[in-house]
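Written below as structure tokens is the structure these notes are about.
Predicted, not measured: the structure shown is a model, and the values here were computed from it.
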Amino acid sequence: MKKIALPQWTARPFSIFDTGWFLVSAGDFASNRWNAMTVSWGFLGTMWSKPVAQIVIRPQRYTREFLDESDTFTLSAFPAENRTALQYLGTHSGRDGDKVAAAGLTPMAAPTVAAPAFREASLVLECRKLFRQPMTADSFLDKQIAEANYPTGDFHIQYIGEVLGAYEP
């Protein structure tokens, strides 16, 4: 994979998550103890004078267990032709089998972190966890957001990771 210099990297910040989606992976690829899921809410920017990626994961998601156990994670973006695979990975659990194989993607070792990257990805961000915080109902200033998105009270957990490197095939 070819490393991208972060200061020169450009992204479409209002569509890279919302319409582009990322696959977040956490765990250890070498020991085959990892999981991945699609994420479509988050941001990329600067926090604490570091380049960061923020993602949110619902507490019941299997990938959350790997995120909590790991110091690092990857975010992989894909070309449009992989949209069906990303939809599958966002709606099926790794607890029930090898959903990555079922989606037709090829995991591979990331350049420096333990979590995998994917051969089909057009971009891979390697991240080191800096922050974890569960969202709560009383944190929402606009109560309609909480009511519309969390009717069962399963508030996301927010993770912020320092982007250690960006890569393309």
**OP:** Using the ring-ring contact (aromatic ring centres under 6.0 Å, His included) rule, collect all pairs that involve residues 89-113, keeping only residues at least two apart or in two chains.
**Re:** Tyr88-His92
Min side-chain heavy-atom separation [X]-[Y] under 4.5 Å:
X	Y	result
Met37	Arg64	no
Val100	Leu23	no
Leu123	Ile4	yes
Trp41	Phe17	no
Leu44	Leu125	yes

So, for [X] and [Y], which heavy atoms are closest and what is the spacing to 0.1 Å?
X	Y	value
Met47	Val52	CB-CG2, 3.7 Å
Gly94	Asn35	CA-OD1, 3.4 Å
Trp21	Ser40	CD1-CB, 3.3 Å
Ala26	Phe73	CB-CB, 4.2 Å
Pro116	Phe29	CB-CD1, 3.6 Å
Pro59	Phe155	CD-O, 3.1 Å

Roughly how far, to the nearest 0.5 Å, is [atom2] of [Y] from [atom1] of [X]?
X	Y	atom1	atom2	result
Thr38	Arg83	OG1	CZ	9.0 Å
Glu162	Thr72	CD	OG1	12.0 Å
Met1	Thr112	CE	OG1	11.0 Å
Ile145	Ser139	CD1	OG	12.0 Å
Leu89	Asn82	CG	CG	10.0 Å
Phe78	Ser122	CZ	OG	8.0 Å

Can you tell me if [atom1] on [X] sees more than 12 non-hydrogen neighbours from other groups inside 6.0 Å?
X	atom1	answer
Glu81	CD	yes
Lys2	NZ	no
Asp71	CG	no
Arg95	CZ	yes

[X] side chain vs [Y] backbone, donor-acceptor pair below 3.5 Å:
X	Y	value
Lys129	Tyr159	no
Ser25	Ala36	no
Asp18	Phe14	no
Ser70	Gly27	yes
Glu126	Val113	yes
Thr74	Ala117	no

With hydrophobic residues grouped by side-chain heavy-atom distances under 4.5 Å, do [X] and [Y] end up in a single group?
X	Y	result
Phe43	Trp48	yes
Val24	Phe118	no
Leu75	Leu67	yes
Ile55	Trp9	yes
Val39	Tyr62	no

Subject >> Residues Glu120 and Thr106: side-chain donor-acceptor under 3.5 angstrom >> reply: yes
Subject >> Set of residues satisfying side-chain contact (heavy atoms from CB on, under 4.5 Å) with respect to Arg58, sequence neighbours excluded >> reply: Gln60, Arg61, Tyr150, Asp154, His156
